[in-house]
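Contents: one structure, followed by commentary.
All heavy atoms count here, side chains included; hydrogens, waters and symmetry mates do not.
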Amino acid sequence: GAMAEERALAMVTCTAPVNIAVIKYWGKRDNDLILPINSSLSVTLHQDQLKTTTTAAASRDFTEDRLWLNGEEADVGHPRLQACLREVRRLARKRRGGSAEDAAPLSLSYKIHIATENNFPTAAGLASSAAGYACLVSALARLYGVEGELSEVARRGSGSACRSMFGGFVQWQRGERPDGRDSLAHQVAPETHWPELRVLVLVVSGEKKQVGSTAGMQTSVATSPLLKHRAEAVVPERLALMIRHIRERDFEGFGQLAMQDSNQFHATCLDTFPPIFYLNDLSRHIIALAHRFNAHHGRTKVAYTFDAGPNAVIFTLADTVAEFVEVVRRSFPPAANGDQFVRGLPVGSASLPEELLAAVDLATAALNLSPAPQPGPGPQLVDDPSQHLLGEDGLPRRCA
């Protein structure tokens, strides 16, 4: 143990994924512990396109805890960040208490430096807090040598972050206990379970949303009778059904239910008083486009879902991607976006039948489209030291 204590600097870098809820989480029964009023279910996106990277370092030379977000120094005193830090340190202490042989890589009294970067717009309805806190907790846990149930710790940072601790298809169990010990995430099926499933992210707006999720949820819980009905009467049944559709790889069932649940979530936002509008005209255009596309084919071939923002996430199967991307291209000419229009996966091009073109009204609005190929894995440890966001001095390597 003595040797490890002498190390001047301990550093760990992790990446973590974004997740997209198909059965939505909206509303807390405990704001402090972040306990939800209903269970939820999500798909973890692949980290090639969308991910958070976090480096956590500890050293006896550091004089204070410090945090950098995308190269800018930020407030390390944020209550939720402090809650995660406290929980990981508590678990580390608990773990060390048992063993006389102290194999701990570093002292718990050392100050820490944290640098985190997103490769997608923060707070634009792309679950940046989920990936962010999942990443933070994964990096801290590695740094302090903590293993085991970490989704509960991530939940203390951001509710949906507990779902980003796993890959594939993930359920966040509401739990019954007031202390939240049973409000945990677990994997329903791994990312390899449904190889044909594809996810397209249609970035309508990279702006920050007007009403943050935290404030929006509290107002909804306080004022929306529809939300109460949803949590108690609708979600439990939908959740069981959605898990079945996933297990059976039934896209028709999965897609329809995802759209219905997204629509109901936005209905509860409208039922909130004063009402909250996350969808904009472009969002509604995409919804209409998806329904026309499906009607043309006589079955559910694409499904949309929207979180607390205007950006659309489209689920579809591999054989439909090229055709739908072409439809979106025709509907939203990528003039304003240059080459940013399709990021990520090479999608191939499709020629469209005349009658489908007729079914698609051409809008002139610009839209970014980033195909995240498939569902992906949970948080990853980055082994390559050149990928650390902090240098040997514990300061950001490249400031924005």
Legend entry - Distance-minimising heavy-atom pair for Ile246 and Phe254: CG1-CD1, 3.8 Å

Legend entry - All salt bridge (charged side-chain N to carboxylate O under 4.0 Å, His left out) counterparts of Glu176, not counting sequence neighbours: Arg174

Legend entry - Flag side-chain contact, heavy atom, 4.5 Å: Leu202 against Ile314: yes

Legend entry - Arg198 side-chain N/O to Pro195 backbone N/O, donor-acceptor pair under 3.5 Å: yes

Legend entry - side chain to side chain contact (heavy atoms under 4.5 Å, CB included) involving Leu390 - partner list, sequence neighbours excluded: Met11, Thr55, Ala57, Trp68, His113, Ala115, Pro396

Inset, instruction - Taking the side chain as every heavy atom from C-beta outward, state whether His229 and Val234 have any atom pair closer than 4.5 Å. - result: yes

Inset, instruction - Please name the pair of heavy atoms, one in Ile112 and one in Arg89, separated by the smallest distance, quoted to 0.1 Å. - result: CG2-NH2, 3.9 Å

Legend entry - From CZ (Arg163) to CG (Leu41), nearest 0.5 Å: 8.0 Å

Inset, instruction - Answer with yes or no whether the hydrophobic clustering places Val302 together with Leu282; edges join I, L, V, M, F, W, Y residues whose side-chain heavy atoms lie under 4.5 Å apart. - result: yes

Legend entry - Close side-chain approach of Lys28 to Val221, heavy-atom, < 4.5 Å: no

Legend entry - Note, Asp182 side chain near Gln173 side chain (heavy atom, < 4.5 Å): no

Legend entry - Any donor-acceptor N or O pair under 3.5 Å, side chains Trp26, Thr268: no

Inset, instruction - State yes or no: do Ile37 and Leu226 share one hydrophobic cluster built from I, L, V, M, F, W and Y residues joined by side-chain heavy-atom distances below 4.5 Å, directly or via other members? - result: no

Inset, instruction - Examine distances only and state if a side-chain atom of Arg155 and a backbone atom of Gly180 form a donor-acceptor pair shorter than 3.5 Å. - result: yes

Inset, instruction - Verify ring-ring contact (aromatic ring centres under 6.0 Å, His included) between Phe324 and Phe293, making sure each step is shown before the conclusion. - result: CA-CA 8 Å; Phe324 188 69; Phe293 185 86; 5.1 Å; yes

Legend entry - Side chain Tyr304, main chain Ala288, donor-acceptor under 3.5 Å: no

Inset, instruction - Taking Glu196 for its side chain and Trp194 for its backbone only, find out whether a donor-acceptor pair lies under 3.5 Å. - result: no

Inset, instruction - Establish whether Leu108 and Val153 are linked, either directly or via other cluster members, by ILVMFWY side-chain heavy-atom contacts under 4.5 Å. - result: yes

Legend entry - Short side-chain donor-acceptor distance under 3.5 Å, Thr300 and Asn294: no

Legend entry - Interatomic distance, Ile287 atom CD1 to Thr305 atom OG1 [nearest 0.5 angstrom]: 9.5 Å

Legend entry - Closest heavy-atom pair and its distance - Cys135, Cys14: SG-O, 3.1 Å

Inset, instruction - Go through the steps to decide whether Arg156 and Glu152 satisfy the test salt bridge (Lys or Arg N to Asp or Glu O under 4.0 Å), and finish with yes or no. - result: CA-CA 7 Å; Arg156 299 292 304 271; Glu152 191 190 339; over 6 Å; no

Inset, instruction - Could you go through the salt bridge (Lys or Arg N to Asp or Glu O under 4.0 Å) check for Arg177 and Asp30 one step at a time? - result: CA-CA 11 Å; Arg177 295 172 51 138; Asp30 184 314; over 6 Å; no

Legend entry - Residue pair Val201 / Ile20, side-chain heavy-atom distance below 4.5 Å: no

Inset, instruction - Indicate, with yes or no, if Leu33 and Leu136 share a hydrophobic cluster defined by side-chain heavy-atom contacts under 4.5 Å among Ile, Leu, Val, Met, Phe, Trp and Tyr. - result: no

Legend entry - Test log, rule side chain to side chain contact (heavy atoms under 4.5 Å, CB included), inputs Arg397 and Leu389: CA-CA 6 Å; Arg397 279 196 158 149; Leu389 302 178; over 6 Å; no

Legend entry - Side chain Asn19, main chain Ala130, donor-acceptor under 3.5 Å: no

Legend entry - Arg299 atom CZ, neighbour heavy-atom count above 12 within 6.0 Å: no

Inset, instruction - Quickly, which of His266, Lys24, Arg238 forms a side chain to side chain donor-acceptor pair (under 3.5 Å) with Asp261? Name it, please. - result: Arg238

Legend entry - Side chains of Asp307 and Tyr25, donor plus acceptor under 3.5 Å: no

Inset, instruction - With rounding to the nearest 0.5 Å, note down the distance linking CG in Leu227 to OG1 in Thr219. - result: 11.0 Å

Inset, instruction - Please check if any side-chain donor atom of His193 sits under 3.5 Å from a side-chain acceptor atom of Arg247, or the reverse. - result: no

Legend entry - Check: Tyr133 and Thr54 side chains under 4.5 Å, non-hydrogen atoms: no

Legend entry - Between CG on residue Asn311 and CG on residue Asn280, distance to nearest 0.5 Å: 8.5 Å

Inset, instruction - Could you please spell out the steps behind the side chain to side chain contact (heavy atoms under 4.5 Å, CB included) verdict for Glu392 and Leu9? - result: CA-CA 8 Å; Glu392 286 297 315; Leu9 181 79; 4.1 Å; yes

Inset, instruction - Please tell me if the side chains of Val313 and Phe315 come closer than 4.5 Å, counting only heavy atoms from C-beta onward. - result: yes

Inset, instruction - Over all heavy atoms of both residues, which pair between Phe169 and Pro375 is shortest? Give the atoms and the distance, please. - result: CZ-CG, 4.2 Å

Legend entry - Distance-minimising heavy-atom pair for Leu143 and Ala10: CD1-O, 3.6 Å

Inset, instruction - Report the distance from atom OG1 of Thr13 to atom NE2 of His388, rounding to the nearest 0.5 Å. - result: 4.5 Å

Inset, instruction - Determine, using the 4.5 Å side-chain heavy-atom cutoff (strictly less than), whether Phe277 and Ile286 are members of one ILVMFWY cluster. - result: no

Legend entry - Check: Thr15/Gln47 side-chain N/O donor and acceptor closer than 3.5 Å: yes

Legend entry - Atom of Met165, atom of Ser138 and distance for their closest heavy-atom approach: CE-OG, 3.6 Å

Inset, instruction - To the nearest 0.5 angstrom, please state how far the OG atom of Ser107 sits from the OH atom of Tyr144. - result: 8.5 Å

Inset, instruction - Would you confirm whether Glu149, through its side chain, and Ser151, through its main-chain N or O, come within 3.5 Å as a donor-acceptor pair? - result: yes

Legend entry - Test item: side-chain donor near acceptor, Glu252 and Gln256, under 3.5 Å: yes

Legend entry - Non-hydrogen side-chain atoms of Thr272 and Ser224 separated by less than 4.5 Å: yes

Inset, instruction - Give the intermediate values and the outcome of side chain to side chain contact (heavy atoms under 4.5 Å, CB included) for residues Leu85 and Gln82. - result: CA-CA 5 Å; Leu85 199 46; Gln82 288 298 321; 4.3 Å; yes

Inset, instruction - With side chain to side chain contact (heavy atoms under 4.5 Å, CB included) as the test, would you mind laying out the steps for Phe166 and Gln171 before giving the verdict? - result: CA-CA 10 Å; Phe166 298 92; Gln171 179 180 2; over 6 Å; no

Inset, instruction - Consider only side-chain N and O atoms of Thr52 and Asn118, and report whether a donor and an acceptor are under 3.5 Å apart. - result: yes

